[in-house]
Amino acid sequence: MKAPNLHLNLLHASERQSSSPVRLRVMLPIFALLACLGCLVWWGVLACQLILVKSQSASIQKDLAAKNAEHGDILQQMGSARNVQAELDQLTMYAHGRRTYGGLFKNLANVVPEELQLLSMEIPEPAVQNLLPPGAKPGPKVKPLLGPTGTVENVTLRIVGRAPNDKPVEALMKSLEGGDFTNELVIAKGVPPDQASPRIRSFHQDTSPGSGGMRLLAFDIEYRCAERRFEK
Amino acid sequence: MKADAFQDPSALLKRAVFLSLAIGAVAVVLYMFCVEPSQTSLQKAKAELVALQDKRAQMVRDLKGASQVKDRLDAVKAERQVYLDGLLEPLLESYAMRAKALLDPLADDVGLSVGDYAELPVRRLPLPKPQSPQLYARKPIRLTCTGSYPTIISFLLRVEQKLPLVSLEAFSLNTQKDPDKQSATIVLEWPVKGENTAAAAKGGVKK
């Protein structure tokens, strides 16, 4: 005998058409609960990580605090080294701009022809430093620059003298082109006159008579010297 | 479960939806007020940790290189000292008097008679990038002397040899009838400490 079956129709009409075997009314709370649990777990993980990171930070800070005094000394030394280096750099630049002329004058005495008479020798004082900003005109409101804009200073040597003719002058100029003077004097020929060295400023008949009533030629020659270069 | 629920499945669904919404709201609140701030805090803490680690690494590097830093400082100081020894220090606030004290013995050695020492205005040190403060400046001292040409040149050579930072800034020699009494004006330049620049520059030519 076949037992009678009790059949409860618990499905709604809309649910009957669904392909999912699990009902929406079951799934929805489960998903919501899972999301909630997920957030809780996520928060827990983050909290653990935060505690871990903060403990690491605290440990490092403790370590830094212990080394701070020693490190401060080193930083001070590093700062001092930088300052001293800055001073040294400036002094080195000054030293590189140093020029000596004792040797030039010593050698000059040996090459002056006997018939030539030197009246004066001059290395003129350098021009006044221009501390005006580019394009500015001098005035009370103009703030001067901290230093000159160029690092190069030009130096010249001016030789004034007399000679009975041009030969001794030429001989002197030829001698000054020699090896004894290459460190101090610049020889530049075949360039525009204002850049030439030597530059003959004047060469004319001297008005004052020389010894024995002889008429002399007066000359004034300017040589460019090695420039002072204030650089490292 | 009540009997009417079996009869009306939508009531169950409504309750489930309501329950789900409530739990979802809790999840959203959890995310907004717990997860998100924790995440932000963690990011900040991590950034702080990285910064601290970098700082510690730098500190360790610095500490390891302490001896090198000290050696470098000593070396740079020693190198600077050579120059500092050549600086012109004022003698009783006068650079000219210090120059006289330094140069007179050299002039006496060669028999040169130096008549006068005068301070000229300080010149600034040309630097590739002018900076404040100027640590060092250039102090020209003008001296007028009388002697033979070889004497003057011997003096100049001795100055250049004995005072390695002194530079000849200007020179003027006018020949006289007596070859032993040539008149020369020599401007010698020393490096000086920069803090005196402003005060010295105001003074102009001072004897």
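Just so it is clear: chains get the letters A, B, ... in the order the sequence lines come, proteins before strands, and each one is counted from 1.
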### Task
For the pair A/M121 and B/N174, evaluate side chain to side chain contact (heavy atoms under 4.5 Å, CB included) and give the outcome as yes or no after the intermediate values.
CA-CA 7 Å; A/M121 279 185 292; B/N174 293 307; over 6 Å; no
### Query
Which residues in residues 177-190 of chain B have a heavy atom less than 4.5 Å from any heavy atom of chain A?
B/V187, B/E189, B/W190
### Task
Heavy atoms only: give me the nearest A/G150-B/P126 pair and the separation to one decimal.
O-CB, 3.1 Å
### Query
Where the side chain of A/Q56 meets the backbone of B/L49, is there a donor-acceptor pair that is under 3.5 Å apart?
no
### Query
With a 4.5 Å limit on heavy-atom distance, are the side chains of A/L104 and B/F171 in contact?
no
### Task
Give, as side chain, backbone, both or neither, the part of A/D89 having an atom under 4.5 angstrom from any heavy atom of chain B.
neither
### Query
Can any side-chain N or O of A/Y101 pair as donor or acceptor with the backbone N or O of B/E169 at less than 3.5 Å?
no
### Task
State whether the side chain of B/S167 and the backbone N or O of A/R99 hold a donor-acceptor pair below 3.5 Å, judged by distance alone.
yes
#### Entry: Interchain contact, B/L21 with chain A, by part (heavy-atom threshold 4.5 Å)
neither
## Note on the structure
Most heavy-atom pairs under 4.5 Å with chain B, out of A/V152, A/L33, A/I30, A/I74, belong to A/I74
### Message
If I take atom CG from residue B/L173 and atom CD1 from residue A/I159, how far apart are they, to the nearest 0.5 angstrom?
### Response
11.5 Å
### Toward chain A, the part of B/L19 with a non-hydrogen atom under 4.5 Å
side chain
### Pair B/R72-A/Q85, side chain to side chain contact (heavy atoms under 4.5 Å, CB included): steps then yes or no
CA-CA 10 Å; B/R72 184 170 162 256; A/Q85 185 64 53; 4.1 Å; yes
### Query
Given that the side chain runs from C-beta out, which part of B/K44 has a heavy atom under 4.5 Å from chain A: side chain, backbone, both or neither?
neither
### Query
Taking B/V28, B/I152, B/L63, B/V82 one by one, which has the highest count of heavy-atom pairs under 4.5 Å against chain A?
B/L63
### Task
Would you mind checking which part of A/R158 comes under 4.5 Å of any heavy atom in chain B, side chain (CB onward), backbone (N, CA, C, O), both or neither?
neither
### Summary
Of the listed A/L64, A/L37, A/I123, the one with the largest count of heavy-atom pairs under 4.5 Å with chain B is A/I123
#### Entry: Which portion of A/E231 sits near chain B, non-hydrogen atoms under 4.5 angstrom
neither
### Task
Test B/K55 against A/Q61 for side chain to side chain contact (heavy atoms under 4.5 Å, CB included), laying out the working first.
CA-CA 10 Å; B/K55 194 176 172 184; A/Q61 270 172 339; over 6 Å; no
### Query
Heavy-atom distance under 4.5 Å between the side chains of A/L91 and B/Y136, does that happen here?
yes
### Task
Just give me the residue among B/A45, B/C34, B/G65 that pairs up with chain A most often, heavy atom to heavy atom, under 4.5 Å.
B/C34
### Task
Look up atom CG in A/N83 and atom NZ in B/K77, then write down how far apart they are to the nearest 0.5 Å.
10.5 Å
#### Entry: Side chains of A/E70 and B/M59 in contact at under 4.5 Å (non-hydrogen atoms)
no
### B/E160 side chain vs A/G102 backbone, donor-acceptor pair below 3.5 Å
yes
### Summary
Applying a strict 4.5 Å limit to non-hydrogen atoms, the region of A/M93 in contact with chain B is side chain
## Note on the structure
When the 4.5 angstrom heavy-atom criterion is applied to A/E153 and chain B, the contacting part is side chain
### Query
A/D63: what forms a salt bridge (charged side-chain N to carboxylate O under 4.0 Å, His left out) with it, not counting sequence neighbours?
A/K67, B/R56
## Note on the structure
Here the gap from A/Q77 atom CD to B/D71 atom CG, rounded to the nearest 0.5 Å, amounts to 10.0 Å
### Message
So which residue, A/K54, A/K106, A/R228, ends up with the most heavy-atom pairs under 4.5 Å with chain B?
### Response
A/R228
### Message
Does A/T100 form a side chain to side chain contact (heavy atoms under 4.5 Å, CB included) with B/L168? I'd like the steps, not just the answer.
### Response
CA-CA 6 Å; A/T100 55; B/L168 182 74; over 6 Å; no
### Query
Relative to chain B, which segment of A/P126 carries a heavy atom at a distance below 4.5 Å: side chain, backbone, both, or neither?
both
### Task
Go through A/L108, A/V84, A/V53 and name the one with the most non-hydrogen pairs under 4.5 angstrom from chain B.
A/V84
### Closest non-hydrogen atom pair, B/A170 against A/E125
CB-CG, 3.4 Å
### Heavy-atom check, side chain of A/M78 versus side chain of B/K70, under 4.5 Å
no
### Message
Are A/Y94 and B/Y83, when compared by the centres of their aromatic rings, separated by less than 6.0 Å?
### Response
no
## Note on the structure
Turns out that what part of A/L40 lies under 4.5 Å from chain B's heavy atoms comes down to both
### Query
Hey, does A/C36 have a side-chain heavy atom less than 4.5 Å from the side chain of B/L30?
yes
### Task
Using a cut-off of under 4.5 Å on heavy-atom pairs, state which of A/T151, A/L28, A/I60, A/V160 scores highest against chain B.
A/I60
### Any residue meeting side chain to side chain contact (heavy atoms under 4.5 Å, CB included) with A/A32, in chain and number order, not counting sequence neighbours
B/S20, B/I23
### Message
Closer than 3.5 angstrom, by distance alone: can the side chain of B/T175 be matched with the main-chain N or O of A/L119 as a donor-acceptor pair?
### Response
yes
### Query
What is the distance from atom CG of B/L165 to atom CZ of A/R98, rounded to the nearest 0.5 Å?
7.0 Å
### Task
Verify the neighbour count for atom CD of B/E89: are there more than 12 heavy atoms of other residues, nucleotides or ligands below 6.0 Å?
yes
### Query
Can you check whether A/E87's main-chain N or O pairs, donor with acceptor, with B/R80's side chain at less than 3.5 Å?
no
### Message
I'd like to know which of B/V26, B/D62, B/V17, B/L156 tops the heavy-atom pair count under 4.5 Å against chain A.
### Response
B/D62
### Summary
Residues pairing under ring pair (Phe, Tyr, Trp, His ring centres under 6.0 Å) where one sits in residues 37-68 of chain A, two or more places apart or in two chains, turn out to be A/W42-B/Y31
### Message
Within this structure, what is the CZ-CG distance for the pair A/F230 and B/L125, rounded to the nearest 0.5 Å?
### Response
6.5 Å
#### Entry: Contact origin within B/V166 toward chain A - heavy atom pairs under 4.5 Å
backbone
